[in-house]
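Written below as structure tokens is the structure these notes are about.
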Amino acid sequence: MTAIPYAEALDRYRANAGGFPLRPDDATIAELIAAYHPDSTGGKAIPLKIGVNAGMLCQPQVAALLQTNALIEDVDIAGAEILNTDILVIGGGGAGAAAALTAAGEGARVILATKLLLGDSNTVMAEGGIQAAVGDDDSPQRHFEDTFKAGHRAADKELVAQLALDGPDVIRWLIKLGMSFDVVGHRPFGGTLKRKTPGGATAPRILSYRDFTGLEMMRVLREAVGLHRGIQVMDRSPAVELLSDERGGCAGAVVYSLEHHRFVLVRARRTILATGGSGRLHLNGFPTSNHYGATADGLVLAYRMGAKLREMDSFQYHPTGIAHPAHLAGGLVSEAARSEGAKLVNGLGERFIDELKPRDVVASAILREIQEGRGVSRDGQTGVFLDVPGLVAAKPGILETTLISLAHLAKKCRIDPTAEPLLVTPTLHYQNGGVAIDTHGQSSVPGLFCVGEISGGIHGRNRMMGNALLDIISFGRRAGAHAAEARAEAYSSRAGIGHIHDWQRQLTLADLPLDARGPHVFPDYGNFDLVADAGIGPRAAE
Amino acid sequence: MSDDNVSLVIDGRAVSAPPTASIIQAFSLSGGALVSNVGCMGQGVCGSCRCMVRRDGSRDVTMELGCETPVEAGMQVAFVSYFQPKRPHVYDLEALTDSWQILDAMDETFPQAKSCRHCGGCDRACPRGLDVQKGVEYAVLGDVQAAREVFTECIMCNLCTLACPERIRPNHLGLFIRRALAALTLRPQELMRRLRQIENGTLTVDTSTVDDTRS
Amino acid sequence: MTGIKQVLLDPAIQIGADLTTWLSLGGGDGLKAAIASPAGALDTVRDSGLRGMGGAGFPTSRKWEMLIASEAHDKAIVCNGNEDEPGTFKDRHLLEHTPHQVIEGGLIAAVATGTNQLFFYINPHHTKGLAAMRRAVEQWLVHDLLQAAQAAIGKSIKLAVVESSGLYIGGEETAVISTIEGGFPFPRRKPPFPAQSGVFGAPTVINNVETLANLPHILAHGAAWHRANGIGDAVGTKLYSLSGDVLRPGLYELPMGSSLHDLVFVHGMGMLSGKEFKAVFTGGPSNTLLTKKDLDVALDFDSVRARNSRLGTGAMIVISEGTSIVRKISEYMDFFANGSCGQCPPCKSGTYQLSRILNRIDAGDGSDGDLAALENLCSILPGCGRCALIDGAVTVVESSLSTFRNEYVSSIRRRD
């Protein structure tokens with residue numbers, strides 16, 4: 001693949017600075033995506049061989065992971081400590097925290113188990129903001145339609161409508177918890193929220209706090225969870241298998257204590273999976289903007305137990321990940337930059353796409369430039385320019401007041417953002433599909449809820465900026481409230497991992513290997529082997 | 001590439017990595033098991049990779065974030081676990097409904113703040129370089145807006161809470177003020193209007209306006 | 001106490017705050033000798049070989065000379081009675097049972113150095129010692145001997161009892177000064193050294209309680225008498241705080257230079273029945289462990305130093321084969337982690353992290369990586385603090401790791 005050397009590209013960029021021509025484009029959006037989006041050009045989606053969605057198309061790496069054998073056997077959890085709770089929430093990000101707070105607020109006893117620490121999540125990394133149709137020029141109806149269309153009409157309309165209608169109340173709930181939002185001027189009371197326009201929207205709808213909205217949200221949620229007497233947090237405790245009851249419903253989970261190297265059985269009346277997405281699987285060899293914990297653990301466990309999935313062949317590649325320097329590759333440049341007006345420029349010094357189109361469109365357009373030799377190459381890394389200097393010239397002071405994280409990032413890239421453009425390229429950002437849910441976050445498995453990035457159906461085949469922070473709170477709260485209603489119910493009589501026997505039968509009949517095990521719990525470069533760490537292998541049967 | 005590699009020690013592990021690598025990346029490259037003290041991997045917002053760093057030839061040990069600090073030859077690094085005080089502070093933000101009571105509520109929850117000794121331990125502990133001690137001082141003086149500003153970019157790594165000899169828990173104090181101010185004073189007018197429209201049923205979503213034909 | 005010469009612990013002088021009785025038993029003679037010749041007092045102390053008993057073992061006369069050399073009007077001597085480290089309980093005994101011995105020692109130091117401020121810095125947790133010292137000072141304030149001392153140096157002498165913070169760091173010299181000035185016991189950077197600028201800027205010497213308590217006897221009986229009380233090159237007697245797995249723990253006054261073996265097996269009457277001697281944590285416990293091969297060591301500053309350890313305060317915590325080194329170290333590290341003040345974050349974070357890892361290993365949940373992490377911390381941390389707390393904490397971990405590595409390894413959970 002050829003590309004234009006950095007020095008030459010920089011000359012052309014400087015020559016055109018301030019007035020980059022937009023190259024005319026004949027390709028339709030559908031053609032652009034079909035020809036350049038990694039979902040189409042990467043590893044070809046394959047049908048799942050086993051499980052409730054057998055026959056459904058799935059990204060091949062994800063399919064391989066979904067069709068793995070369990071990490072543990074019955075004997076491994078014999079004698080393990082057993083904890084009982086009303087609600088088990090698995091995952092310490094925004095969705096898990098919202099679910100836990102809501103369930104505990106209803107009077108349920110909650111255990112929140114998380115792989116790393118409470119708050120270590122994609123939520124804390126979210127920069128751009130959260131959508132909520134609050135403007136007089138906007139409406140939940142518009143929010144619904146924009147979201148549905150941006151997702152290529154593949155989403156579940158009821159979920160999208162719910163999301164859009166929940167928006168304003170979610171913002172109020174967050175404010176009540178003590179989250180700040182940017183306001184225009186200095187009038188908190190009776191003032192006006194600052195709004196930005198996300199790619200693909202018909203009205204400004206992004207509410208934010210500076211360009212670290214997720215950090216502001218997560219530190220408030222983390223403190224609220226930590227202070228709540230009804231919530232017991234188990235950190236360093238990844239879920240390694242779900243517990244099933246005699247009817248195939250979910251009865252809790254087996255978690256592994258990384259601190260004490262032993263398994264703990266958590267029995268629960270309801271289980272809420274909020275384990276996030278799968279960016280750290282580095283699908284199709286892409287770098288990722290995701291948190292270290294995003295290894296699709298919950299997705300694997302839910303599917304193994306029989307939860308229906310959807311759109312598992314659809315992933316979001318955020319248009320602007322860092323391309324250079326290599327050690328920061330994949331790190332995110334928030335859409336806030338384009339939302340504020342930053343342009344994308346190829347190696348010829350021309351614009352090639354409306355920067356505020358939906359993310360899959362912009363990402364495909366960037367990949368087209370790179371594949372057709374109009375990208376910019378620097379030290380072996382290829383991308384296109386993001387014209388931050390132009391933005392700064394148009395909006396002086398923006399790096400100090402609004403795009404604080406961007407300024408911080410430029411410093412790490414060792415460039416002067418007022419003089420030199422950033423080199424960007426798409427980065428694996430979001431799992432569009434996931435576990436199918438209803439408006440309460442209930443999956444097709446009784447007793448099992450899924451909220452946040454693990455769930456599917458809200459964003460269709462492409463997510464808009466700002467809808468992830470909204471979805472985690474909207475559906476997190478809904479699942480928490482609904483699950484809490486079960487707090488007076490009796491526990492199921494059995495809670496074990498019997499369902500993995502059926503799963504192993506399916507694996508065997510489908511000629512799938514039994515020695516491939518999942519979930520991975522950590523990325524490959526985490527150099528962690530749970531079987532060795534727990535001292536449960538090798539198994540004689542293998 | 002490997003000729004340019006630098007050698008350093010991370011948690012007792014001899015590591016060789018390219019000089020552009022962060023501490024976290026270098027540890028992972030060396031084959032070290034990365035199962036804690038890791039999170040956002042480079043954005044510097046989760047605070048999990050807090051570590052102590054001693055550079056070659058220096059007596060000083062500094063507090064830094066492993067995902068943002070590039071490796072250097074001869075560097076020695078030790079990760080620091082999240083610090084959980086034995087008796088954490090307790091407050092119920094929902095019970096704080098009268099904004100006149102903010103300062104009293106702060107005093108009640110963080111009574112130690114008044115005893116700040118100005119030793120600067122919190123400032124030295126902060127890997128983000130925030131003026132933590134100043135923030136505590138503003139809070140004690142009742143300048144809540146200034147205190148709020150100081151902690152704007154706090155990532156809650158808890159190193160100042162670990163350091164403080166008076167057990168002030170500066171980052172939690174800062175967060176308390178931030179939360180209280182938002183919860184008690186942020187009332188955007190268009191949000192209030194919109195909530196009323198939704199709650200009295202005048203604004204709904206009609207899902208039949210869009211067709212399901214995929215584009 | 002069979003035939004061992006008792007000086008500081010002489011049962012006859014364990015009389016509490018009773019100045020009249022103290023003077024009737026020969027107390028006051030030392031002070032009178034100093035008043036008669038302040039310069040001679042310095043010579044006597046120099047010739048006696050008296051060294052600081054608080055842990056450092058620095059020659060007392062050398063400290064004084066720095067004070068004498070100063071031409072400042074206001075000078076200060078602080079009697080350091082903060083005593084807070086695990087296993088040390090000598091100063092509190094002296095303060096409670098022979099306060100006049102300590103105060104007279106302080107006055108001798110004041111007269112010898114021309115010092116007009118004398119602070120008795122006492123750990124408030126030693127409630128009895130604190131009360132006895134307050135009563136005793138009241139008695140001195142109205143006694144003619146104090147007038148005589150003031151006349152000798154030509155200045156009025158201020159006597160004050162000051163409560164320390166009771167925190168471990170409060171015993172560090174600069175922290176002592178900070179507390180007396182009304183501040184928090186934060187150690188300061190040196191220089192300036194206290195002898196240059198101490199309490200409110202006045203040149204200051206800090207002497208341990210036991211050090212001062214020796215002075216009345218040295219001045220009354222002479223340097224040669226004092227030297228003869230020790231064994232070999234060591235001088236005087238020493239208070240040893242003996243604790244741990246011995247049959248008879250307690251406070252012992254023995255000739256300086258008595259062997260560890262004698263302390264443990266003769267005076268302590270040996271190990272608890274059926275237990276094997278394993279090791280001793282010396283004065284801190286922030287020093288290198290002494291083990292079986294060190295039983296012959298003479299317990300004086302130089303001999304213990306020759307074994308790469310330190311006599312410290314004279315505390316000897318004896319442990320037997322049945323006691324887990326890892327658990328002990330883990331307990332002590334909790335103490336250091338609590339005691340670290342935090343103004344130097346690496347010391348606070350370092351002791352916290354050491355304590356966390358040690359607790360994990362002790363609980364059987366450690367890994368090989370934890371051992372490497374411990375050693376890494378021992379390599380990074382020394383010298384990162386303003387005071388020596390972190391250095392002591394590291395020394396004891398390092399020493400146990402090198403001497404009892406097998407115990408760490410077997411505490412680590414076996415995974416195969």
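By convention in this document, chain letters (A, B, ...) are assigned in the order of the sequence lines, proteins followed by strands, and residues within each chain are numbered from 1. Excluded from the calculations below are hydrogen atoms, water molecules and symmetry mates; all remaining heavy atoms, backbone and side chain alike, are included. Quick caveat, the model's predicted, so the values are computed rather than measured.
No part of B:F176 comes within reach of chain A, as not one of its non-hydrogen atoms sits under 4.5 angstrom from that chain. Using a 4.5 Å cut-off between heavy atoms, B:Q25 contacts chain A through its side chain alone, with no backbone atom that close. Residue contact with chain A, scored on non-hydrogen atoms closer than 4.5 Å, is absent for B:Q197. Using a 4.5 Å cut-off between heavy atoms, B:L186 touches chain A through backbone and side chain atoms alike. Interface residue B:I155: backbone and side-chain heavy atoms are both found under 4.5 Å from chain A. Residue B:L203 touches chain A through both its backbone and its side chain, counting heavy-atom pairs closer than 4.5 Å. In this structure, the portions of B:C154 lying under 4.5 Å from any heavy atom of chain A include both its backbone and its side chain. Of the two parts of A:F189, the backbone and the side chain both hold a non-hydrogen atom closer than 4.5 Å to a non-hydrogen atom of chain B. With a 4.5 angstrom heavy-atom cutoff, B:T204 touches chain A only via backbone atoms.
With respect to A:E223 and B:R178, no salt bridge is recorded, no charged nitrogen being found less than 4.0 Å from a carboxylate O.
Put simply, the side chain of B:V35 reaches to within 4.5 Å of the side chain of A:R236, judged on heavy atoms.
Take B:R148 and apply the side chain to side chain donor-acceptor pair (under 3.5 Å) test, not counting sequence neighbours, and it matches A:S180. Applying the salt bridge (Lys or Arg N to Asp or Glu O under 4.0 Å) test to A:K357 and every residue at least two apart in sequence or in another chain returns nothing.
Residues B:E68 and A:H408 bring a donor and an acceptor atom of their side chains to less than 3.5 Å of each other.
Counted within 6.0 Å of OH on B:Y138, heavy atoms from surrounding residues, nucleotides or ligands total 12 or fewer; the atom is thus considered open.
At distances below 3.5 Å, at least one donor-acceptor pair connects side-chain atoms of B:R194 with backbone N or O atoms of A:D138.
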